[in-house]
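Here is the structure we will look at, set down as structure tokens.
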Protein chains: 2
Amino acid sequence: MPTQTAAERRAEAKVAYDAYIDKCPSRKLLDTLSDKWVSLVLVALSDGPRRYSDMARRIAGVSQKMLTQTLRSMERDGLVTRTVTPAVPVRVDYELTALGRTLLPLMAAVKTWAEEHIEEVEAARSRYDSLT
Amino acid sequence: MPTQTAAERRAEAKVAYDAYIDKCPSRKLLDTLSDKWVSLVLVALSDGPRRYSDMARRIAGVSQKMLTQTLRSMERDGLVTRTVTPAVPVRVDYELTALGRTLLPLMAAVKTWAEEHIEEVEAARSRYDSLT
DNA sequence: CGGCATCCAATGTGATACTG
DNA sequence: CAGTATCACATTGGATGCCG
């Protein structure tokens, strides 16, 4: 499978969807991607498949409920695959799909931006809060 | 993926903050950036200053409350500036700061990704939902 | 015009307990 | 191990009304 499908090239040439429009499906998708945990899950899978418990450990502070919920949503959206290995105890691995890998660099960039600019942001907050 | 500046490469070489850590300030910043409206506001300001009412019209479906709340938060974080022109009626313009402009391409890319891949995502959803 | 304050319904989220 | 189920609680977000 080619990196970019014909459909993707077409979409890029002329964007038929506009996230600025309330009812546009892409708006809802953008809302989903803007979820608190999606970027962290995506980046956690950047190096290949990961077990559920690995991810829970990696993403400190995420509850079981939210991790499962986020992974289910991303699986449904075609961003990750879920592979169950029948054993005792059972083993479940998650992996990025081709689609998920196209999104990864974008979300990773945002995560990195946050890490690199947090000091500037904190300085701005101090300035803002010290006014009146 | 956007071009990297020298400053970004330098910061990447030594990241002091890690969004994977629960208590890390950058984690909270990432949460803030993952807000539903931040990306849309950011892109709405990509062409220069915009009046409050312009933005409300552009970002269909946003309530006054959420638009104001999002703009305040972004102003506090140093992403946008707020300029009040005393007149009757009053005029308020918002504009991206230098810091905000470094984040813009990243968020714009995510928004564009959503618009370009929504059809693939919807196809994946259909597949997922049709299973048992 | 560009807010802010208030109320209230809906949704999100964590803690806890339980299971194949 | 990798969930599911349930409850309690916090947060979100819209609607409304008022104001400089």
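Residue numbers start from 1 in every chain, and the chains themselves are labelled A, B, ... in the order their sequence lines are given, proteins ahead of strands. Just so we're clear, the structure is a prediction, and the values are computed from it rather than from any experiment. Hydrogens, waters and symmetry mates are skipped; everything else that's a heavy atom, side chains included, is used.
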Quick one: does [X]'s side chain get under 4.5 Å of [Y]'s, heavy atoms only?
{"X": "D93(A)", "Y": "T81(A)", "value": "no"}
{"X": "Q69(B)", "Y": "R72(B)", "value": "no"}
{"X": "M74(B)", "Y": "V38(B)", "value": "yes"}
{"X": "T102(B)", "Y": "H117(A)", "value": "yes"}

Do E119(B) and Y17(A) get their side chains close enough for a donor-acceptor pair, meaning under 3.5 Å?
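Per modelled atom types, E119(B) and Y17(A) side chains form a pair under 3.5 Å.
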Rounding to an integer number of Å, can you tell me how far [X] [atom1] sits from [N] [atom2]?
{"X": "D93(A)", "N": "dG3(D)", "atom1": "CG", "atom2": "P", "value": "10 Å"}
{"X": "D54(A)", "N": "dC1(D)", "atom1": "CG", "atom2": "P", "value": "10 Å"}
{"X": "R91(B)", "N": "dG3(C)", "atom1": "CZ", "atom2": "P", "value": "13 Å"}
{"X": "R57(B)", "N": "dG2(C)", "atom1": "CZ", "atom2": "C1'", "value": "13 Å"}
{"X": "D22(A)", "N": "dG13(D)", "atom1": "CG", "atom2": "P", "value": "13 Å"}
{"X": "L67(B)", "N": "dA15(D)", "atom1": "CG", "atom2": "C1'", "value": "16 Å"}
{"X": "M55(A)", "N": "dA2(D)", "atom1": "CE", "atom2": "P", "value": "11 Å"}

Tell me whether the OP1 or OP2 atom of [N] has a side-chain N or O from [X] closer than 4.0 Å.
{"X": "R82(A)", "N": "dA2(D)", "answer": "no"}
{"X": "Y52(B)", "N": "dC4(C)", "answer": "no"}
{"X": "R51(A)", "N": "dC1(D)", "answer": "no"}
{"X": "S53(A)", "N": "dA2(D)", "answer": "yes"}

Check the interface with nucleotides 13-20 of chain C: list each N/O to N/O pair with the protein under 3.5 Å, or write none.
from    : atom 1 : to     : atom 2 : distance (Å)
dT13(C) : O4     : K65(A) : NZ     : 3.4
dG14(C) : OP2    : S63(A) : OG     : 3.2
dG14(C) : O6     : K65(A) : NZ     : 2.8

Which residues pass the salt bridge (charged side-chain N to carboxylate O under 4.0 Å, His left out) test with R127(A), sequence neighbours left out?
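In terms of salt bridge (charged side-chain N to carboxylate O under 4.0 Å, His left out), with neighbours along the sequence ignored, R127(A) is linked to no residue.
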Rounding to 10°, can you tell me the angle the first-five-pair axis of the helix from dC1(C)-dG20(D) to dG20(C)-dC1(D) makes with its last-five-pair axis?
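Rounded to the nearest 10 degrees, the bend comes out at 50°.
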Is the side chain of S34(A) donor-acceptor paired with the backbone N or O of L30(A) at a distance under 3.5 Å, no angle test?
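Such a contact is found between S34(A) side chain and L30(A) backbone.
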Matching residue for Y94(B) among R50(B), R82(B), R51(B), E75(B) - test: side-chain hydrogen bond (donor to acceptor under 3.5 Å, both in side chains):
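Looking at R50(B), R82(B), R51(B), E75(B), the match for Y94(B) under the side-chain hydrogen bond (donor to acceptor under 3.5 Å, both in side chains) is R82(B).
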Geometric cation-pi criterion, R58(A) with Y20(B): 6.0 Å, 45°:
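Yes, cation above the ring, under 6.0 Å and within 45°.
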